[in-house]
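Naming convention: chains lettered A, B, ... in sequence-line order (proteins, then strands); numbering from 1 in each chain.
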2 protein chains.
Amino acid sequence: MKRNTWQREAVRSALGESDGFISAQALHGALRDSGTTIGLATVYRALTDLTDEGEADTLTQDGEALYRACTPDTHHHHLICRRCGATEEIAADPVEQWARQVAAEHGYTKAEHVVDIFGLCPACSRLSETPDTP
Amino acid sequence: MKRNTWQREAVRSALGESDGFISAQALHGALRDSGTTIGLATVYRALTDLTDEGEADTLTQDGEALYRACTPDTHHHHLICRRCGATEEIAADPVEQWARQVAAEHGYTKAEHVVDIFGLCPACSRLSETPDTP
DNA sequence: ATGAATGCAAACTCTTTGCACATTG
DNA sequence: CAATGTGCAAAGAGTTTGCATTCAT
């Protein structure tokens with residue numbers, strides 16, 4: 001049976017408070033700053049559980065995992081700026097359908113998909129004219 | 001001045017050979033299997049250089065950095081069985097278009113995307129009825 | 001009371017760095 | 001010959017795990 005501990009609630013709550021994506025360690029720091037005495041491992045475990053349960057969304061950037069609260073009914077993907085790290089949610093309904101169809105065509109079940117787009121956001125595109133020779 | 005060593009060439013070449021994204025360690029393993037005696041650190045350094053020079057593309061997934069040669073003509077996606085590891089190439093033309101459009105709509109440039117589908121292949125789907133209690 | 005969850009610290013994985021030696025230009 | 005690249009091993013960063021203790025049920 002899954003127990004209901006204040007730590008787990010604290011993680012869920014803090015994740016909901018935070019605006020964008022946040023790293024496990026940053027979340028742990030925030031929780032500590034808020035006066036709680038939660039352990040880092042517990043934060044990691046809670047985040048893993050939340051992700052498994054579909055309550056959190058995760059992506060890894062630059063060697064660390066970033067988490068964000070996620071409503072189970074809105075499966076979405078991300079458009080990530082490779083330079084400044086800005087992240088935008090994108091709806092990917094066409095891709096959802098396509099993914100389901102491809103999986104079905106090949107007889108695959110329990111299909112999950114990973115769809116992320118990396119690029120340079122408008123600001124970063126302007127700031128640095130990438131030297132390119134095509 | 002940047003020197004021209006066989007190690008650097010070997011990394012560039014091996015990266016070009018490999019199909020999709022590949023981790024530094026996997027690349028190192030492949031190079032070792034090919035009979036070379038290149039060091040892991042050298043592979044990392046070469047990959048960093050190649051990325052800086054725009055000859056390689058990088059993204060991090062699941063805590064490790066994946067690299068790929070930056071030539072856009074080797075672009076396809078994979079349908080991967082989570083149980084037995086079988087991998088099939090899939091055409092993703094609709095997704096290509098969608099990705100390009102989404103990036104453009106948001107003003108992103110130099111967009112790359114990651115699209116992979118994980119599931120259970122027909123055989124594995126039959127073999128193991130996944131115990132699930134929703 | 002019972003057993004899952006916590007917290008700490010040690011273990012692990014991936015990556016980077018310091019330094020002596022080899023190699024390139 | 002001078003300076004840059006290499007290889008090894010040790011150090012770092014992020015994450016996971018083992019185990020005794022605490023706490024929800």
Contact under 4.0 Å: B:Gln7 side-chain N or O vs D:dG7 OP1/OP2: yes
Distance in angstrom units between B:His28 NE2 and C:dT15 C1', rounded: 13 Å
Whole angstrom value for the distance that separates C1' of D:dT6 from CZ of B:Arg32: 12 Å
Nearest-0.5 Å distance that lies between atom CG in A:Leu40 and atom CZ in A:Arg45: 10.0 Å
Whole-Å distance separating the CZ atom of B:Arg8 from the P atom of C:dG25: 12 Å
Touch class at under 4.0 angstrom, heavy-atom based, for B:Thr37 against every strand present: sugar-phosphate
B:Asn4 or A:Ile38, whichever maps to the more 5' nucleotide of DNA chain C: A:Ile38
Separation of C:dC8 C1' from A:Arg45 CZ (nearest whole Å): 10 Å
Side-chain donor/acceptor of A:His106 to backbone N/O of B:Cys121, under 3.5 Å: no
Inter-residue atom distance A:Arg100.CZ - B:Ile117.CD1, 0.5 Å rounding: 10.5 Å
Spacing between B:Asp52 atom CG and C:dT16 atom P, to the nearest angstrom: 11 Å
5'-most by nearest nucleotide on DNA chain C - B:Lys2 or B:Ala65: B:Ala65
Rounded distance (Å) that lies between atom P of C:dT16 and atom CD of B:Gln25: 11 Å
Short side-chain N/O contact to C:dA5 OP1/OP2 from A:Thr5, under 4.0 Å: no
Charged N-O contact under 4.0 Å between B:Lys2 and B:Glu53: yes
Spacing of B:Asp49 atom CG relative to D:dG5 atom P, expressed in whole Å: 8 Å
B:Trp6 CH2 - D:dT6 P separation (whole Å): 9 Å
Distance below 4.0 Å between A:Tyr44 side-chain N/O and D:dT15 OP1 or OP2: yes
Phosphate contact (C:dA5 OP1 or OP2) by A:Thr42 side-chain N/O below 4.0 Å: no
Donor-acceptor pair (no angle test) under 3.5 Å: A:Arg3 side chain, C:dA4 base: yes
Atom pair CZ/OG1 of A:Arg68 and A:Thr58 - distance to nearest 0.5 Å: 12.5 Å
